[in-house]
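Notes follow once the structure below has been shown.
Atoms considered below: every heavy atom in the structure, side chains included; atoms not considered: hydrogens, waters and symmetry mates.
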Amino acid sequence: MEADEASVEAGQALYAVHCALCHGPQGLGNGPFSSFLRTYPPADLTAASSVNLSDGAIFLIITHGVEDRMPALHQNIPAVEDRWHVVNYVRELQGQ
């Protein structure tokens with residue numbers, strides 16, 4: 001999905017509701033809920049390990065989660081298009 005202004009804006013709104021509690025408003029992994037996740041802290045979405053993921057990999061992580069680390073969000077964000085908006089916003093946070 002093209003990362004146009006409307007998509008990034010939609011992704012930002014979805015990210016604020018579904019992602020920022022753990023990953024933080026800037027994607028640094030320091031959201032208000034992160035202190036409760038000591039065994040597996042939320043990923044820093046601006047770190048090289050996240051930046052180097054393909055758009056498809058980020059989409060799949062949002063959709064299916066990461067076992068024992070992050071819940072699947074396909075039920076919270078049921079529209080495929082909306083999950084792509086979040087991918088586009090994450091890329092914006094990464095400066096891409």
Side-chain angles (χ1 to χ4, degrees):
M1 167 173 282
E2 184 179 343
D4 60 21
E5 186 177 331
S7 176
V8 172
E9 193 172 295
Q12 182 178 19
L14 290 161
Y15 179 93
V17 171
H18 301 287
C19 311
L21 281 174
C22 293
H23 293 285
Q26 302 302 316
L28 302 175
N30 61 351
F33 197 69
S34 66
S35 64
F36 299 105
L37 305 171
R38 294 172 196 224
T39 303
Y40 298 112
D44 176 348
L45 302 177
T46 65
S49 58
S50 296
V51 172
N52 292 333
L53 293 171
S54 69
D55 290 355
I58 294 171
F59 176 85
L60 289 174
I61 290 169
I62 293 166
T63 301
H64 300 294
V66 178
E67 189 173 350
D68 297 326
R69 295 175 184 248
M70 180 182 142
L73 295 178
H74 62 90
Q75 291 182 336
N76 300 63
I77 309 173
V80 169
E81 182 176 275
D82 286 343
R83 283 180 262 144
W84 281 112
H85 292 318
V86 175
V87 171
N88 289 336
Y89 180 67
V90 167
R91 290 302 194 199
E92 183 82 9
L93 287 175
Q94 296 171 338
Q96 300 202 21

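Heavy atoms of other residues, nucleotides or ligands lying less than 6.0 angstrom from CD of Q96 number more than 12.
Although no hydrogens or angles enter the test, the distance criterion places no donor-acceptor pair under 3.5 Å between the side chain of R69 and the main chain of P41.
Closest heavy-atom contact between S35 and P32: OG-O, 3.9 Å. Taking each heavy atom of V87 and I62 in turn, the nearest pair found is CG2-CD1, 3.8 Å. Residues R83 and I77 approach most closely at NE-O, 2.8 Å, considering heavy atoms. Closest of all the heavy-atom pairs between R91 and D55 is NE-OD1, 2.7 Å. Among all heavy-atom pairs drawn from L45 and S50, the shortest one is O-CB, 3.4 Å.
Distance check, rounded to the nearest 0.5 Å: CG of N30 to NE2 of H23 gives 11.0 Å. A distance of 12.0 Å separates CG of L73 from CG of D82, quoted to the nearest 0.5 Å.
No hydrogens or angles considered: a donor-acceptor pair under 3.5 Å links the side chains of S7 and H85.
Taking the side chain as every heavy atom from C-beta outward, V66 and Y40 never approach each other to under 4.5 Å.
Classified by interplanar angle (parallel below 30°, tilted 30° to 60°, perpendicular above 60°), the ring pair H64/H74 is tilted.
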